[in-house]
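These notes concern the structure reproduced below.
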Protein chains: 2
Amino acid sequence: MSNRSRILRLSRYKNAALRLKSLNFLKVFSDNLADATGVTASQVRKDFSIFSISGNRRGGYQIEELLTQLNRVLGKDKLQKFILVGVGNLGRALINYQGFAKSEIKIVAGFDTDPAKFNRKADTLILPMDELAGFIKTNEVELAILTVPEFNAQEAFDKLKAAGIKGILNFAPTRLKSDDKVIVHNLNLETEFENLIYFVNTKTLPSD
Amino acid sequence: MSNRSRILRLSRYKNAALRLKSLNFLKVFSDNLADATGVTASQVRKDFSIFSISGNRRGGYQIEELLTQLNRVLGKDKLQKFILVGVGNLGRALINYQGFAKSEIKIVAGFDTDPAKFNRKADTLILPMDELAGFIKTNEVELAILTVPEFNAQEAFDKLKAAGIKGILNFAPTRLKSDDKVIVHNLNLETEFENLIYFVNTKTLPSD
DNA sequence: GTAAATTTGTGAATAAAATCACATAATTTT
DNA sequence: AAAATTATGTGATTTTATTCACAAATTTAC
């Protein structure tokens, strides 16, 4: 078993554990993680149970050990290289985003069709689309971020797929479909905004 | 009943319907919407049923009428004004994001503590935090986007809450909690990346 | 060293969400 | 205008996810 929201929760537990670690905590209880992430304690324990993450009865979880186990499940025990296609406002923001600094996530290059954006001297190279397939092969990149306008999304997707990319985080406002070859995670900003608007307008509390 | 994923699906149906409308389609079937959004046809109909959105037996849904009903539910029948706090890379990208152009979402001002960022002449004003509360009152803004670094998130949240903001889309890597006064929708980019990494590493298809 | 206290881990129970399946309504065909 | 066809709409069923509740393990107190 392994659905999306369960994995999202594991990430949150990890973030909560990291925060506690930075405050010099050595151990943490399911109760603490539940408070920090807004779920129930038994949910935390059930999630751990499903991924064979274990602690000590009465002693809680050793934070260091817990983080190791969570990072193992989440694949964060090794560097994850991403390329980014579409160096517009959002693309550039993601390339410069500081939030990944401590994590094992790295955007290794950006690609665009606009020559004005190419840059072979920057910290993160910005290259023409022609070099996409070659770069992916040479650098053994499996993951991509798609931040192109709606109209170009399908074409860019096809190129990424042809070049052997295995996973795509799609910010373009077009829903792309996962298949055996490529896993797509669609993240539509307008949809997220609309969701908030709905809950504010109806004054119901979202139940996630 | 009204959980987050059901509302997210309604947004997707709406986007699919919009796309079909732009191709001059006049009607659409639950089957079409299902294909376009990656769910089952009965899911589409069940979602509609729950929000009393109805079509014509044998005739499907009139797109124009369907959009009206969806926009009513999603609160997109009127302009939704947002302010944005934290004009960094991501904040600026959202301010300049073109994807909202056709929608009823508008970012009316940005706020920051850094005087270098203030701009009273730009299309979207960038103002000092001191003016936050006043602006919110004068312009009757209920919604906010939070794109500050982790360390400043709680303080900014408190100010927004005190100023009467009703809903926050939080991009800061700190989980803020919803309550009766403010609904928070947390959107943690690192978590989204990790989620993709997990499914690529384990080669399982996400079941959302 | 025994008893009391506390927290995990997980089957069992409950709740929630998705799918099925079919009666009902509308349209098209003949 | 009757019969055949095609979609919706929704109770019933199934599946999935969450919570409950308690035995097992460990720690602390006496």
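Side chains included, hydrogens not; waters and symmetry mates left out as well; all remaining heavy atoms used. Naming convention: chains lettered A, B, ... in sequence-line order (proteins, then strands); numbering from 1 in each chain.
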Distance check needed: [N] [atom2] versus [X] [atom1], whole Å only.
| X | N | atom1 | atom2 | value |
| --- | --- | --- | --- | --- |
| B:R4 | C:dA17 | CZ | P | 13 Å |
| A:I50 | D:dT18 | CD1 | P | 9 Å |
| A:L66 | C:dT7 | CG | P | 16 Å |
| B:I7 | C:dA16 | CD1 | C1' | 15 Å |
| B:F51 | C:dA17 | CZ | C1' | 13 Å |

Phosphate OP1/OP2 of C:dA26 contacted by B:Y61 side-chain N/O (<4.0 Å): no

Side chains of B:N89 and A:R92: is there a donor and an acceptor less than 3.5 Å apart? no

Going by atom types only, do A:E192 and A:N188 share a side-chain donor-acceptor pair under 3.5 Å? no

Ignoring hydrogens and angles, does a donor from either the side chain of B:R58 or the base of D:dT5 sit under 3.5 Å from an acceptor on the other?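 Answer yes: a donor N or O sits under 3.5 Å from an acceptor.
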
Heavy-atom count check: over 12 atoms from other residues, nucleotides or ligands less than 6.0 Å from A:E131 CD? yes

Can you give one letter per nucleotide of nucleotides 18-24 of chain C, 5' to 3': B if a protein heavy atom sits under 4.0 Å from the base, S if only from the sugar-phosphate, - if neither? SBBB-BB

Do A:N186 and A:N170 pass the side-chain hydrogen bond (donor to acceptor under 3.5 Å, both in side chains) test, and can you show the C-alpha distance, the side-chain angles, and the key distance before you say yes or no? CA-CA 5 Å; A:N186 294 287; A:N170 175 36; 2.9 Å; yes

At a heavy-atom distance below 4.0 Å, what parts of residues 23-34 of chain A sit against DNA chain D? none

Residue list, side chain to side chain donor-acceptor pair (under 3.5 Å) with B:K166, at least two apart or on another chain: none

Pairs involving residues 59-69 of chain B, ordered by first then second residue, that meet salt bridge (Lys or Arg N to Asp or Glu O under 4.0 Å) (sequence neighbours left out):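 Qualifying pairs: B:K21-B:E64.
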
Which pairs pass salt bridge (Lys or Arg N to Asp or Glu O under 4.0 Å) with one or both residues in residues 23-37 of chain A, sequence neighbours excluded?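 Sorted pair list comes back empty.
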
Looking at residues at least two apart in the chain, or sitting in another chain, which of them share a side chain to side chain contact (heavy atoms under 4.5 Å, CB included) with A:N32? A:V28, A:F29

Is the closest basic N to carboxylate O distance between A:D47 and A:R6 below 4.0 Å? yes

Which residue lies more 5' along DNA chain D, comparing B:G55 with A:G59 via nearest heavy atoms: B:G55

